[in-house]
Amino acid sequence: MTEPQQPPQVDTNKIIEERRAKLQALRENGQAFPNDARRTDLAADLHAAYAGKENAELEPAAIKVAVAGRMMLKRVMGKASFATLQDMSGRIQVYVQTDAVGAEVHEAFKHWDLGDILAVEGTLFRTKTNELTVKAQSIRLLAKSLRPLPEKFHGLTDQEQKYRQRYVDLIMNTESRAVFVKRSQIVQGIREFFVARGYLEVETPMMHPIPGGAAARPFVTHHNALDMQLYLRIAPELYLKRLVVGGFEKVFEINRNFRNEGISTRHNPEFTMLEFYEAYRDYHYLMDLTETLIREVARKVLGTTTVTYQGTTLDLERKFDRLTMAQAIHQYHPEHALDDLAKVDYLRAALARHEVEVFPTDGLGMLQLKLFEQTTEEKLIQPTFIIAHPTDVSPLARANDRDPSITDRFELFMTGREIANGFSELNDPEDQAERFAAQAKAKEAGDEEAMYYDADYVRALEYGMPPTAGEGIGIDRLVMLLTDSPSIRDVILFPQMRQED
RNA sequence: GGGUGGUUAGCUCAGCCGGUAGAGCAGCGGACUUUUAAUCCGUUGGUCGCGAGUUCGAAUCUCGCACCACCUACCA
């Protein structure tokens with residue numbers, strides 16, 4: 001891991017050799033990478049602006065435009081050629097004629113390669129097949145591409161290469177570009193949603209002396225000058241609640257968390273979380289807010305609240321179900337009667353049949369949770385809030401007033417996956433201190449995911465935190481859902497991969 | 001971590017029962033002044049993922065390793 005970087009590989013590929021020779025010739029003729037070309041027009045803007053114009057009207061008007069982009073297609077026909085340029089907005093065709101640009105330039109153009117970055121100035125016309133085209137008065141090569149692009153028709157299909165060389169994926173695949181544009185719009189929509197409701201966006205530390213706020217294994221790092229061990233954050237929760245203590249009564253943060261755990265189609269070591277906290281609210285309010293948020297973002301970004309994910313249609317308009325774990329188990333497995341699901345012995349027997357590991361210390365809530373996860377979680381396709389989680393597994397959530405063995409907490413499930421997790425916050429400093437102590441004890445006993453005792457967080461609570469509700473939403477998973485992406489790697493620009501070679 | 005499948009030219013892919021590798025695109029040379037995956041003629045290009053083994057002979061069969069994908073387990 002700490003080995004020195006390998007020297008860059010010398011690529012002996014013949015195509016690259018030829019392109020290097022072309023670049024060398026360009027260098028000998030002057031500036032090979034000119035930086036004085038100015039673009040005034042984007043492809044999509046031109047298509048939109050002249051959508052209704054016939055060539056009879058367009059060509060005589062001699063509308064001057066300056067476009068630039070990557071050459072994706074090239075068709076040479078003796079004394080005239082067509083090229084297709086791609087810019088950030090889309091594609092536009094360019095017509096290069098010996099009569100218009102001169103024999104020398106056209107001859108040079110014939111030796112430019114797919115992938116080269118070009119600038120074209122000229123006038124608009126429509127070809128006989130009615131395609132809007134720039135007739136070049138001048139055409140320049142701005143940046144030579146040394147590496148050949150994937151095949152123009154099939155594009156890049158190799159999953160590994162799409163992830164490792166995202167830049168090539170983005171050049172070749174419109175659908176990939178669209179996913180990341182949507183991701184950006186979703187994050188923007190969420191940001192606007194909270195700002196419009198008077199929330200303050202904040203940034204809290206990514207490097208924590210004590211990792212907290214979730215049950216997960218952290219990454220460890222070291223600060224040299226301070227000579228101290230630091231952890232990449234597994235959640236921002238404890239810092240955001242310190243801010244609520246400080247008087248920022250409505251805060252949110254959209255940022256990265258890091259968890260040193262397995263990698264899968266649903267897990268990347270770094271992932272983006274939205275967390276938000278609002279004082280003088282409870283978890284019921286959060287559920288309402290979450291429904292509104294997801295509906296509004298879907299409407300804004302997709303234009304609809306009917307979402308198809310991997311062949312399953314989700315209705316985000318309908319009020320989301322709200323069920324306790326026992327109710328959910330009963331609803332999807334009617335053979336488990338509600339009365340029985342409240343009996344410890346019944347649950348132990350049921351779990352034994354499923355061969356689920358249980359501990360003598362597991363109480364009613366824990367047993368229900370285990371049966372729920374085993375039998376029911378994957379069946380929650382339509383948006384469903386599951387409420388009342390056991391206090392044992394919710395060390396930061398407020399205990400229920402009637403039954404302190406459960407908490408005022410919910411998790412939102414869609415397509416059988418957890419999308420959000422929220423609760424009325426525990427603001428009793430003495431209760432919090434006891435729960436930390438229990439977690440610390442579990443950690444000593446070998447539970448690597450158990451929390452540390454965070455004395456400063458308890459000290460903050462001792463100044464008094466207003467009753468508060470807080471929630472976290474996994475942005476990557478939400479984006480997967482809204483873009484119909486099967487893998488989390490499809491919605492993360494540069495997913496974590498094993499080292500090449 | 002466990003299971004299944006994959007890895008052949010820059011890219012997309014063929015390659016049968018083992019006989020030492022092929023197409024299309026891209027590239028190079030030529031023809032072509034409205035093409036659009038342009039077309040037509042010619043042509044260069046390979047450590048068949050890596051390493052062993054079986055065999056007269058391995059891209060092909062066997063074993064090991066690496067990486068990727070999918071399923072599964074933990075999690076968000």
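Quick note on labels: first sequence line is chain A, next is B, and so on, each numbered from 1.
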Query raised in the report: With both distances kept under 3.5 Å, what pairs with G1(B), Watson-Crick or G-U wobble?
Result: U72(B)
Report task. Please work out if Arg259(A) contacts a base, only the sugar-phosphate, or nothing of the nucleic acid, heavy-atom cut-off 4.0 Å. Result -> base
Query raised in the report: If you measure from the P atom in G22(B) to the same atom in G15(B), how many Å do you get, rounded?
Result: 15 Å
Query raised in the report: Taking only side-chain nitrogens and oxygens of Lys14(A), does any of them come within less than 4.0 Å of OP1 or OP2 of G10(B)?
Result: no
Report task. Have a look at Lys22(A) and say if it touches a base, only the backbone sugar-phosphate, or nothing, with a 4.0 Å heavy-atom cut-off. Result -> sugar-phosphate
Query raised in the report: So, Ser394(A) and Arg409(A): side-chain donor and acceptor under 3.5 Å apart, yes or no?
Result: yes
Report task. Using the P atom as the reference point in each nucleotide, state the distance between C11(B) and U47(B) in Å, no decimals. Result -> 12 Å
Query - salt bridge (charged side-chain N to carboxylate O under 4.0 Å, His left out), paired with Asp113(A), selected from Arg147(A), Arg70(A), Lys152(A), Lys144(A) - result: Lys144(A)
Requested in this report: Using the C1' atom as the reference point in each nucleotide, state the distance between A23(B) and C48(B) in Å, no decimals.
Outcome: 16 Å
Report task. Side chain of Thr157(A) only, please: which of A38(B), C13(B), C11(B) is the nearest? Result -> C13(B)
Report summary line: Met72(A) atom CE is separated from A38(B) atom P, nearest whole Å, by 11 Å
Query raised in the report: Among G10(B), U33(B), U35(B), which nucleotide sits nearest the side chain of Glu131(A)?
Result: U35(B)
Query raised in the report: What distance, rounded to whole Å, do you find between the two P atoms, one in A66(B) and one in U54(B)?
Result: 23 Å
Query raised in the report: Is Lys152(A) near enough to A38(B) that one of its side-chain N or O atoms lies under 4.0 angstrom from OP1 or OP2?
Result: yes
Report task. Could you give the distance separating A31(B) and C68(B) at their C1' atoms, to the nearest angstrom? Result -> 44 Å
Report summary line: Here the distance between atom C1' of G1(B) and atom CG of Asn260(A), to the nearest Å, is 15 Å
Report task. Mind calculating the distance between CD (Gln159(A)) and P (C67(B)) to the nearest angstrom? Result -> 18 Å
Query raised in the report: When you look at NZ of Lys110(A), are more than 12 heavy atoms from neighbouring residues, nucleotides or ligands closer to it than 6.0 Å?
Result: yes
Query raised in the report: Roughly how many Å is it from CD1 in Ile16(A) to P in G45(B), rounded to a whole number?
Result: 17 Å
Requested in this report: Check the distance between A38(B)'s C1' and Leu114(A)'s CG and give it to me in whole angstrom.
Outcome: 13 Å
Report summary line: Considering only heavy side-chain atoms of Met497(A), the closest of G10(B), C71(B), C68(B) is C68(B)
Query raised in the report: Do Phe194(A) and Tyr199(A) have their ring centres less than 6.0 Å from each other?
Result: yes
Report task. Please state the P separation for the pair G3(B) and A37(B) - nearest whole angstrom. Result -> 47 Å
Report summary line: Taking C74(B), U12(B), U34(B) as options, the one with an atom nearest any side-chain atom of Tyr95(A) is U34(B)
Report summary line: pair_partner(U33(B)), Watson-Crick or wobble, both distances < 3.5 Å, evaluates to none
Query raised in the report: For the pair made of CZ in Arg217(A) and P in G1(B), what is the distance, rounded to whole Å?
Result: 12 Å
Query - Any Arg164(A) side-chain nitrogen or oxygen under 4.0 Å from OP1 or OP2 of C68(B) - result: yes
**Report entry** Chi-angle category of C28(B) [syn within 90° of 0, anti beyond]
**Finding:** anti
Report task. Take the protein atom CZ of Phe125(A) and the nucleotide atom P of U35(B), then report the distance between them rounded to whole Å. Result -> 11 Å
Query raised in the report: Which one, U12(B), A69(B), C11(B), comes nearest to the side chain of Pro150(A)?
Result: C11(B)
Report task. Check whether any side-chain nitrogen or oxygen of Arg489(A) sits under 4.0 Å from OP1 or OP2 of A69(B), and answer yes or no. Result -> yes
Query raised in the report: Side chain of Glu160(A): nearest nucleotide among A38(B), C32(B), C67(B)?
Result: C67(B)
Requested in this report: Find which nucleotide of RNA chain B each of Asp99(A) and Glu411(A) is nearest to by heavy atoms, and output the residue with the more 5' nucleotide.
Outcome: Asp99(A)
Requested in this report: Compute the ring centroids of Tyr95(A) and Phe82(A), then answer whether they are less than 6.0 Å apart.
Outcome: yes
**Report entry** Distance between P atoms of G10(B) and G27(B) (Å, rounded)
**Finding:** 15 Å
Query raised in the report: Using purine N1 to pyrimidine N3 plus N6-O4 or O6-N4 for Watson-Crick, or N1-O2 and O6-N3 for G-U wobble, each under 3.5 Å, what pairs with A9(B)?
Result: none
Requested in this report: Classify the nucleic acid contact of Gly474(A) as base, sugar-phosphate or nothing, counting any heavy atom under 4.0 Å across all strands shown.
Outcome: nothing
Query raised in the report: Are Lys443(A) and Tyr452(A) in a cation-pi contact, defined as NZ or CZ under 6.0 Å from the six-membered ring centre and within 45° of the axis?
Result: yes
Query raised in the report: So what does Asn268(A) hit on the nucleic acid, given a heavy-atom distance under 4.0 Å: a base, only sugar-phosphate, or nothing?
Result: base
**Report entry** Residue closer to the 5' end of RNA chain B, Gln97(A) versus Glu151(A) (nearest nucleotide)
**Finding:** Glu151(A)
Report task. May I ask you to check whether Asp116(A) and Ser145(A) show a side-chain donor-acceptor distance below 3.5 Å? Result -> no
Query raised in the report: Touch check for Tyr163(A), heavy atoms < 4.0 angstrom, all strands: base, sugar-phosphate only, or nothing?
Result: sugar-phosphate
Query raised in the report: Would you say Arg75(A) reaches A38(B)'s phosphate, i.e. side-chain N/O to OP1/OP2 under 4.0 Å?
Result: yes
Query - Distance between C1' atoms of U44(B) and U35(B) (Å, rounded) - result: 27 Å
**Report entry** Sugar-phosphate, base or nothing in reach of His111(A), heavy atoms under 4.0 Å
**Finding:** sugar-phosphate
Query raised in the report: Hey, does Gln93(A) reach any base, or is it just sugar-phosphate, or nothing, if we go heavy atoms under 4.0 Å?
Result: base
Query raised in the report: Across the strands shown, which category fits Ser264(A) at heavy-atom distances under 4.0 angstrom: base, sugar-phosphate, nothing?
Result: base
Report task. Have a look at Asp476(A) and say if it touches a base, only the backbone sugar-phosphate, or nothing, with a 4.0 Å heavy-atom cut-off. Result -> nothing
Requested in this report: Fit a plane to each ring of Trp112(A) and Phe109(A), take the angle between them on a 0 to 90° scale, and name the class: parallel (under 30°), tilted (30 to 60°) or perpendicular (over 60°).
Outcome: perpendicular
Query raised in the report: Looking across every strand, which nucleic acid part, if any, lies under 4.0 Å from Gly155(A) by heavy atom: base, sugar-phosphate, or nothing?
Result: sugar-phosphate
Query raised in the report: Can you check whether Arg19(A) has a side-chain N or O nearer than 4.0 Å to OP1 or OP2 of G27(B)?
Result: no
**Report entry** Identity of whatever pairs with G18(B) - Watson-Crick or G-U, under 3.5 angstrom
**Finding:** none
Query raised in the report: When all nucleic acid strands are considered with a 4.0 Å heavy-atom cut-off, which category describes Asp113(A): base, sugar-phosphate, or nothing?
Result: sugar-phosphate
Query raised in the report: OP1 or OP2 of U35(B) less than 4.0 angstrom from a side-chain nitrogen or oxygen of Thr133(A), does that happen here?
Result: no
Requested in this report: Establish, yes or no, whether a centroid distance under 6.0 Å links the rings of Phe372(A) and Phe413(A).
Outcome: yes
Query raised in the report: Among Phe385(A), Tyr285(A), Phe320(A), which one satisfies ring pair (Phe, Tyr, Trp, His ring centres under 6.0 Å) with Phe410(A)?
Result: Phe385(A)
Report task. Would you mind reading off the distance between Ile15(A) atom CD1 and G29(B) atom C1', rounded to a whole angstrom? Result -> 16 Å
Report task. Return no unless some side-chain N or O of Thr98(A) is found under 4.0 Å from OP1 or OP2 of U33(B). Result -> no
Query raised in the report: Who is the Watson-Crick or G-U wobble partner of C63(B), with both distances under 3.5 Å?
Result: G51(B)
